[in-house]
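For reference, the structure discussed in these notes is given below.
Atoms considered below: every heavy atom in the structure, side chains included; atoms not considered: hydrogens, waters and symmetry mates. Because the structure is predicted, anything quoted here is derived from the model rather than measured. The chain is numbered in sequence order, starting from 1.
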Amino acid sequence: MIAAKDYPIGTKFQSIFAADFPSGKMQVPLPPGTWQLAGSFKDQSTGPSGFTYMYQFLLVRLENSALTGRIDIRIPADIIGTFWNSTSNCEKSKYKERSFWLNGASYHESENCVSLHWLRGYKKNHRYGRKIKEFIGDIEIPKSWIRYQKFYTEGPDFLHHSVAIPLEKYGFEPGSYGYSDSPWVPNNIDANPEKKAFSEKAVAWAKSWDQLVEKGIKNKLKASEVLQHPRMDGLVLTIPKAKKTESAKDKSQKAGTAMARLKKLKDLFDAGLISEDEYQEKKKEILSEM
């Protein structure tokens with residue numbers, strides 16, 4: 001398999017994105033659907049020992065000529081010889097301002113933080129936006145998104161995994177409001193019951209999705225786990241229904257009913273009310289249902 005940094009633009013992915021880390025190859029889960037690499041580049045970042053470089057991958061999901069999702073994955077470009085410092089994305093002071101709903105972080109030399117928030121607008125002139133726009137062409141970019149973010153650091157390994165899905169996909173109208181007056185901000189959400197109910201489901205999804213990311217970081221993730229995971233890809237969060245298994249009691253009741261039907265059929269035949277051909281045909285039908 002080719003290394004993550006060598007994926008050509010347009011490469012398609014389903015369920016899992018394989019990425020190279022200093023400690024080895026890791027797996028990053030992807031929501032349902034087909035994702036395409038819209039852009040990749042080597043990005044300069046500031047670490048505790050000065051400038052380091054990260055590989056950044058921009059993935060998009062296109063369905064029925066619509067952009068229904070985008071993903072940002074960042075991993076180390078080279079081995080980082082020291083721990084990564086926490087970033088402003090995980091500071092609690094930023095949560096209210098940036099509409100963060102979910103948190104859980106350590107703020108020391110290493111960082112492991114999850115956030116879920118509403119993201120307003122999209123900077124089309126930003127280099128990320130330009131790369132995506134170049135890839136999708138005339139397809140319109142949605143105006144508001146719900147975004148899950150995972151920041152992970154352990155020794156030389158670093159992962160920034162960001163999944164964004166447009167709120168318009170869930171039937172919500174895009175708004176022109178800023179962060180402070182947004183009905184998605186925690187201190188405003190109570191006045192919007194429909195958005196609050198959706199937010200609670202989204203937070204639950206983010207917490208469970210984070211468990212998949214953790215498995216992928218430990219290289220213990222299976223594609224089947226991603227496919228079976230509760231998904232956030234419709235107006236509500238749904239869990240795939242498991243196939244119903246027939247219990248011993250059900251089988252016993254079914255057999256008893258069949259025996260009664262066979263006895264009644266035999267009585268009709270013995271009484272001369274049906275022909276032998278009719279009897280055999282109906283008997284075969286009852287037995288096939290058992």
Is there a donor-acceptor contact under 3.5 Å from the side chain of [X] to the main chain of [Y]?
X	Y	value
E225	K222	yes
D20	A3	no
K201	W205	no
T11	Y7	no

Next on the checklist: salt bridge (Lys or Arg N to Asp or Glu O under 4.0 Å), that's the test. Do K220 and E214 meet it? Break it down for me.
Outcome noted: CA-CA 9 Å; K220 295 181 179 180; E214 287 290 335; over 6 Å; no
Give the minimum heavy-atom separation between [X] and [Y], together with the two atoms involved.
X	Y	answer
A4	A19	CB-CA, 3.7 Å
Q149	S162	CG-OG, 3.8 Å
V226	P29	CG2-CB, 4.1 Å
P76	P22	CG-CD, 4.0 Å

Using 0.5 Å steps for rounding, measure from the [atom1] atom of [X] to the [atom2] atom of [Y].
X	Y	atom1	atom2	value
Y170	L167	OH	CG	8.0 Å
I141	I139	CD1	CD1	10.0 Å
I189	E194	CD1	CD	10.5 Å
L227	Q14	CG	CD	8.0 Å
M54	I75	CE	CD1	7.5 Å
Q211	H229	CD	NE2	7.0 Å

Item to check | Check against side-chain contact (heavy atoms from CB on, under 4.5 Å), E140 and L67 | outcome: CA-CA 7 Å; E140 185 179 355; L67 178 61; over 6 Å; no
Next on the checklist: Given the ring of W145, does R70 sit roughly above its face, with NZ or CZ under 6.0 Å from the centre of the six-membered ring and within 45° of the axis?
Outcome noted: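 Satisfied, under 6.0 Å and within 45°.
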Checklist entry - Is the centre of the Y55 ring less than 6.0 Å from the centre of the F41 ring? => result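 So the answer is no for these two rings.
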Next on the checklist: Between F172 and W184 (judged by ring centroids, cut-off 6.0 Å), do the two rings come close enough to count as a pair?
Outcome noted: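 Yes.
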Checklist entry - side-chain contact (heavy atoms from CB on, under 4.5 Å) between L30 and L59: does it pass, once the steps are laid out? => result CA-CA 10 Å; L30 305 177; L59 282 67; 4.2 Å; yes
Checklist entry - Does E168 come within less than 4.0 Å of K143, counting only side-chain N to carboxylate O? => result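 Looking at K143 together with E168, the answer is no, because their closest N to O distance does not fall below 4.0 Å.
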Taking the side chain as every heavy atom from C-beta outward, state whether [X] and [Y] have any atom pair closer than 4.5 Å.
X	Y	value
Q27	F17	no
M26	N219	no
V60	L37	no
L62	T68	no
F13	T34	no
D210	Y148	yes

Next on the checklist: Show, in sequence, the C-alpha distance, side-chain angles and deciding distance for Y152 and V213, and conclude whether the side-chain contact (heavy atoms from CB on, under 4.5 Å) test is met.
Outcome noted: CA-CA 10 Å; Y152 171 86; V213 180; over 6 Å; no
Next on the checklist: Let's go through I71 and W35 carefully: what are the C-alpha distance in whole Å and the side-chain angles of both, what is the deciding distance for side-chain contact (heavy atoms from CB on, under 4.5 Å) to 0.1 Å, and is it a yes or a no?
Outcome noted: CA-CA 9 Å; I71 293 175; W35 297 84; 3.6 Å; yes
Next on the checklist: Given H161, which partner from the list D72, V28, V114 fulfils the side-chain contact (heavy atoms from CB on, under 4.5 Å) test?
Outcome noted: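 Answer after filtering D72, V28, V114: V28.
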